[in-house]
Amino acid sequence: LKTLDMSSITEVGERAFEGSAITAVNLLSDGVVIGKAAFYGCTTLTNAVLGKDARIGDYAFAGSGVKSVALGTGATVASFAFSGCSSLSAFDFSGVTGRLGDYAFYGCTSLKSVSAPLVTELGAGCFADCFALQSFSAPELIVIGDYAFAPYSEESEQGASFSTIYAPNLKTVGAGAFQACYNLKS
């Protein structure tokens, strides 16, 4: 099993494909629910396309080889959902609404740009160890959680590398949110 086209599937259970050798996932049903660790450790998985109102569970794609993710509108991203996806370089945040979970993108070391127009909150450590992150824009962002952009692992010494962020509605910045973000100026 290499490519998975489950356009009519509405739910993928917990650990359903953990560690499998699939290379692509197409889950196009509206409101698809992706259970905890459903694609955890799928190191050959490089592409995921999800329909609108997708609910991405804890650790759903963590540790996978995913490089590109496209989401429909109304998607939600839970804690650790994409943590450790070091190849993730293209993620379409335009449809993601509400809160990005704690450590959702922790260790996504290839992620360079985030434009999240509908995100209102970043959980703790949301982009920790994303030291390649050069651009961040979230016009509806109200809350940045603790250590959101900081280094987290022992071998990391630098946080995100952006020099500016765009978040005009920001009200709350958590402890250490920009710790070791040496390039941040405004």
Side-chain angles (χ1 to χ4, degrees), residues 4 6 12-20 22-27 32-138 141 144-153 156 159-162:
L4 191 58
M6 301 190 302
V12 178
E14 187 173 314
R15 301 187 184 281
F17 294 93
E18 180 179 0
S20 75
I22 59 172
T23 59
V25 173
N26 294 311
L27 293 162
V32 67
V33 176
I34 301 171
K36 181 177 183 178
F39 298 98
Y40 181 89
C42 293
T43 57
T44 58
L45 177 62
T46 58
N47 185 39
V49 179
L50 309 174
K52 74 178 194 177
D53 298 322
R55 303 290 176 252
I56 303 168
D58 294 345
Y59 298 93
F61 291 90
S64 73
V66 71
K67 294 178 182 178
S68 173
V69 177
L71 301 171
T73 58
T76 59
V77 179
S79 297
F80 294 93
F82 294 92
S83 65
C85 293
S86 59
S87 297
L88 182 61
S89 60
F91 192 99
D92 181 3
F93 287 91
S94 63
V96 180
T97 59
R99 182 180 195 274
L100 291 177
D102 295 346
Y103 299 93
F105 296 92
Y106 157 61
C108 292
T109 55
S110 296
L111 192 60
K112 292 183 179 172
S113 177
V114 172
S115 177
L118 303 174
V119 170
T120 57
E121 182 177 351
L122 301 182
C126 189
F127 292 100
D129 279 0
C130 292
F131 44 80
L133 191 57
Q134 298 170 356
S135 170
F136 184 85
S137 173
L141 189 64
I144 295 178
D146 295 347
Y147 305 99
F149 297 100
Y152 183 74
S153 61
S156 296
S161 60
F162 46 64

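For this chain, numbers begin at 1 and follow the sequence in order. Given the structure is predicted, the values throughout are model-derived calculations rather than measurements.
- A donor-acceptor pair under 3.5 Å is absent between the side-chain atoms of Thr120 and the main chain of Leu141, judged by distance alone.
- A donor-acceptor pair is defined here as one N or O able to donate and one able to accept, closer than 3.5 Å; such a pair exists between the side chain of Ser161 and the backbone of Leu133.
- One N or O on the side chain of Thr46 and one on the backbone of Thr23 form a donor-acceptor pair closer than 3.5 Å.
- When all heavy atoms are compared, the tightest approach of Gly125 to Tyr106 is O-CB, 4.0 Å.
- For Cys126 against Leu100, the heavy-atom pair with the smallest separation is SG-CB, 3.6 Å.
- Using modelled atom types, one side-chain atom of Asp129 and one backbone atom of Tyr152 make a donor-acceptor pair closer than 3.5 Å.
- In this structure, Ser135 contributes its side chain and Ser113 its backbone to no donor-acceptor pair below 3.5 Å.
- Between the side chain of Asp58 and the backbone N or O of Lys36 there is no donor-acceptor pair closer than 3.5 Å.
- Here the straight-line distance linking atom NZ of Lys67 with atom SG of Cys85 works out to 12.5 Å at 0.5 Å rounding.
- Counting non-hydrogen atoms of neighbouring residues, nucleotides and ligands closer than 6.0 angstrom, the CZ atom of Phe136 exceeds 12 such neighbours.
- Annotation: ring pair (Phe, Tyr, Trp, His ring centres under 6.0 Å) contacts of Tyr59 (sequence neighbours excluded): Phe80.
- With sequence neighbours excluded, the residues that form a ring pair (Phe, Tyr, Trp, His ring centres under 6.0 Å) with Phe93 are Phe91, Phe105.
- A donor-acceptor pair under 3.5 Å is absent between the side-chain atoms of Ser64 and the main chain of Tyr40, judged by distance alone.
- Partners of Val33 according to the side-chain contact (heavy atoms from CB on, under 4.5 Å) rule, which considers only residues two or more places apart in sequence or in another chain, are Glu11, Arg55.
- Remark: the backbone N or O of Cys108 is not paired with any side-chain donor or acceptor of Ser86 at under 3.5 angstrom.
- Residues Ser94 and Leu118 share a closest heavy-atom pair of O-CD1, 3.6 Å.
- Here CZ of Phe82 is found 4.0 Å from CD1 of Ile56. Values are rounded to the nearest 0.5 Å.
- The distance from atom CG of Leu50 to atom CG of Leu27, rounded to the nearest 0.5 Å, is 5.5 Å.
- Within the 3.5 Å criterion, the main-chain N or O of Met6 finds no donor-acceptor partner in the side chain of Asn26.
- Under the 6.0 Å cut-off for aromatic ring centres, Phe162 and Phe149 qualify, their centroids lying closer than that.
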